[in-house]
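A short write-up of the structure that comes next.
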Amino acid sequence: MKDLLNQPLKPLNTFRIDGITRRLIEIDSVKEIDYLFDNHVFDDKFMILGGGSNLLFCNDFAGTIIRLNLKGIQVVEETEEHVFIKVAAGEIWDDFVSYCLSHGYYGVENLIGIPGRVGSAPVQNIGAYGVEVKDVFYQVEGLFIADKSPFCFSAEACDFGYRNSVFKNRLRNQCLITSACFKLSKKESYNLTYSALNEAIKRKESPLTSSLVAQTVLEIRNAKLPDITKIGCAGSFFKNPVLPKTEAEQLLAQNPNLVTFDTENGMVKFAAARLIELCGCKEWKYGDVAVYPTQSLVIVNYGNASGTEVFQFYQRVTEAVKEKFGILLEPEVNIVC
Ligand code: EPU
């Protein structure tokens, strides 16, 4: 365990924003969690940090950042068709994906390459290439911050939505997630509903395996998204806006070059990347902040941008899209001000 004052923010966020957190507590085992309650850490301003790959610090953090480095991947139950795997919150999401690939468990191959930790996966309902965490989710365990009582939520209780869950809404900042349990298939099954993935796999002409799917997803990701070990960013900065069908049809009639996708609930999702491009934001560069050339949903920090500079850039993009299309883009990253 570590309990340190005045620590640099830069190693704690993939946007590589510099600054200071007043206090940083790292917890390495379930037993050590008591320390947080015994020392009344939650009485003051705090935030729970996962991999730091989906957030923007606008300023120094005048509170305590808590990181749960809990480790462990364990098969807790097995049937003929399924395996239930309990994964500690501090495990790296991609390590869990590798574990599933190497053990022949199907369901998360499309989610390879997503940065972050397992504890954040249900909070965000992370998703890519046609699959979301909710599709393989079984339950999540942890403690309520208010009274240290344990909880165990099913998928229904998590109320998953597009990059959304109960942990971002009704239970925001109220839960310490210690582990998540996933239900994977032992029988070969693939989700190739995402057309770009489907087409890329067809072009390969190799036998369909989970490794082939994972490899292809990585190739698509690498071609479009920045390498976070080299360039500061937090993945998609914006959510793709979702509009009711009638509103969407009107907008499309006026702007036929917008890209849309029908969603499960009859709404229409607009590719925010295209909206951003049509506003000319792709050419913008303010200091070290810019839109990433091959994926316009991503804002990057090419060097030493401050949190405020990134925040101002985000606001400029939002204003441009609002002015041209009347759509208010919502951030997908957590903005910590
Ligand atoms: N598009 C553009 N310009 C671009 C990129 C995309 O016009 O620069 C258009 C294309 O027409 C494309 C469509 O947008 O067909 C969708 O693009 P893409 O498949 O790249 O997906 P996305 O909607 O831009 C979402 C997720 C990504 C995830 C990909 C793949 C969100 C906010 N983002 O991006 O997730 O990897 O789908 O499934 O939903 C993340 O959450 O951080 C993230 C990277």
Side-chain angles (χ1 to χ4, degrees), residues 1 25-37 48-54 66-128 131-145 147-160 163-168 171 173-189 191 210 214:
M1 202 199 73
I25 302 183
E26 304 234 22
I27 296 293
D28 300 320
S29 70
V30 172
K31 258 205 217 143
E32 288 177 7
I33 292 175
D34 282 343
Y35 178 87
L36 301 172
F37 291 94
I48 298 158
L49 183 74
S53 52
N54 198 49
I66 299 157
R67 189 133 83 159
L68 300 187
N69 301 323
L70 312 177
K71 296 281 182 192
I73 301 182
Q74 192 193 356
V75 171
V76 286
E77 203 185 316
E78 244 178 290
T79 64
E80 209 165 292
E81 292 202 2
H82 292 107
V83 59
F84 294 78
I85 310 173
K86 184 172 169 173
V87 190
E91 287 285 347
I92 305 291
W93 172 262
D94 223 24
D95 290 348
F96 168 57
V97 173
S98 300
Y99 172 93
C100 293
L101 285 169
S102 64
H103 286 77
Y105 303 143
Y106 299 85
V108 285
E109 47 285 334
N110 299 37
L111 302 180
I112 193 168
I114 298 181
R117 296 182 174 206
V118 166
S120 325
V123 176
Q124 270 294 99
N125 185 22
I126 57 170
V131 175
E132 289 181 329
V133 133
K134 75 170 171 53
D135 303 325
V136 291
F137 181 88
Y138 183 61
Q139 62 186 28
V140 60
E141 288 181 59
L143 301 171
F144 284 112
I145 285 168
D147 59 4
K148 214 168 120 181
S149 62
F151 66 78
C152 178
F153 293 153
S154 66
E156 197 179 57
C158 289
D159 198 16
F160 290 121
R163 296 294 192 280
N164 209 352
S165 75
V166 72
F167 302 109
K168 289 181 92 175
L171 294 179
N173 286 336
Q174 292 180 49
C175 299
L176 267 184
I177 292 174
T178 52
S179 70
C181 185
F182 303 98
K183 180 181 174 183
L184 281 298
S185 176
K186 287 162 70 176
K187 302 243 160 94
E188 229 180 325
S189 63
N191 180 330
S210 54

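Everything quoted here is computed from the prediction, not taken from an experiment.
Note that the CZ atom of R163 and the OG atom of S165 stand 12.0 Å from one another [nearest 0.5 Å]. Note that CG of L68 and CG of L36 are 7.0 Å apart. Values are rounded to the nearest 0.5 Å. One distance of note links CD of E32 with CD1 of I25; it measures 11.0 Å at 0.5 Å rounding. In this structure, NE2 on H82 lies 11.5 Å from OH on Y138, to the nearest 0.5 angstrom. To the nearest 0.5 Å, atom CG of residue N191 and atom CG of residue N110 are 5.5 Å apart. Distance check: E26 CD to R67 CZ gives 5.0 Å after rounding to the nearest 0.5 Å.
Within the 4.5 Å cutoff, the side chain of L49 has no heavy atoms near those of the R117 side chain. Taking 4.5 Å as the limit, every side-chain heavy atom of V118 sits out of range of all side-chain heavy atoms of I73. K148 places a side-chain heavy atom less than 4.5 Å from the side chain of D34. A heavy-atom distance below 4.5 Å is found between the side chains of M1 and Y35. Within the 4.5 Å cutoff, the side chain of K187 has no heavy atoms near those of the Y106 side chain. Within the 4.5 Å cutoff, side-chain heavy atoms of V97 are placed close to those of L101. Looking only at side-chain heavy atoms (C-beta outward), L184 and Y99 stay at 4.5 Å or farther from each other.
Using the six-membered ring where Trp is involved, F151 and F167 have ring planes that are tilted, between 30° and 60° apart. Between H103 and Y105, the ring-plane angle classifies as parallel under the 30° and 60° cut-offs.
Proximity of a side-chain donor or acceptor of E109 to a complementary backbone N or O of G107 within less than 3.5 Å is detected. Within the 3.5 Å criterion, the main-chain N or O of K134 finds a donor-acceptor partner in the side chain of N125.
For the residue pair K168 and Q124, a side-chain donor N or O sits within less than 3.5 Å of a side-chain acceptor on the partner.
For CZ of F84, the number of neighbouring non-hydrogen atoms (other residues, nucleotides, ligands) closer than 6.0 Å is greater than 12.
Across all their heavy atoms, F96 and V108 have their closest contact at CE2-CG1, 4.2 Å. The nearest pair of heavy atoms linking G51 to S120 is N-OG, 4.3 Å. Nearest heavy atom pair, residue K71 against residue A88, reads C-CB, 3.4 Å. Closest of all the heavy-atom pairs between C100 and I85 is SG-CD1, 4.2 Å. Residues V140 and P122 approach most closely at CG2-CG, 4.3 Å, considering heavy atoms. Across every non-hydrogen atom of F144 and F153, the tightest pair is CZ-CZ, 3.7 Å.
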Under 3.5 Å, which donor-acceptor pairs do the side chains of residues 173-182 form with other protein atoms, sequence neighbours left out?
residue: Q174; atom: NE2; partner: R170; partner atom: O; Å: 3.0
residue: T178; atom: OG1; partner: E141; partner atom: O; Å: 3.1

- Could you walk me through whether I145 and I48 pass the side-chain contact (heavy atoms from CB on, under 4.5 Å) check? CA-CA 11 Å; I145 285 168; I48 298 158; 3.9 Å; yes
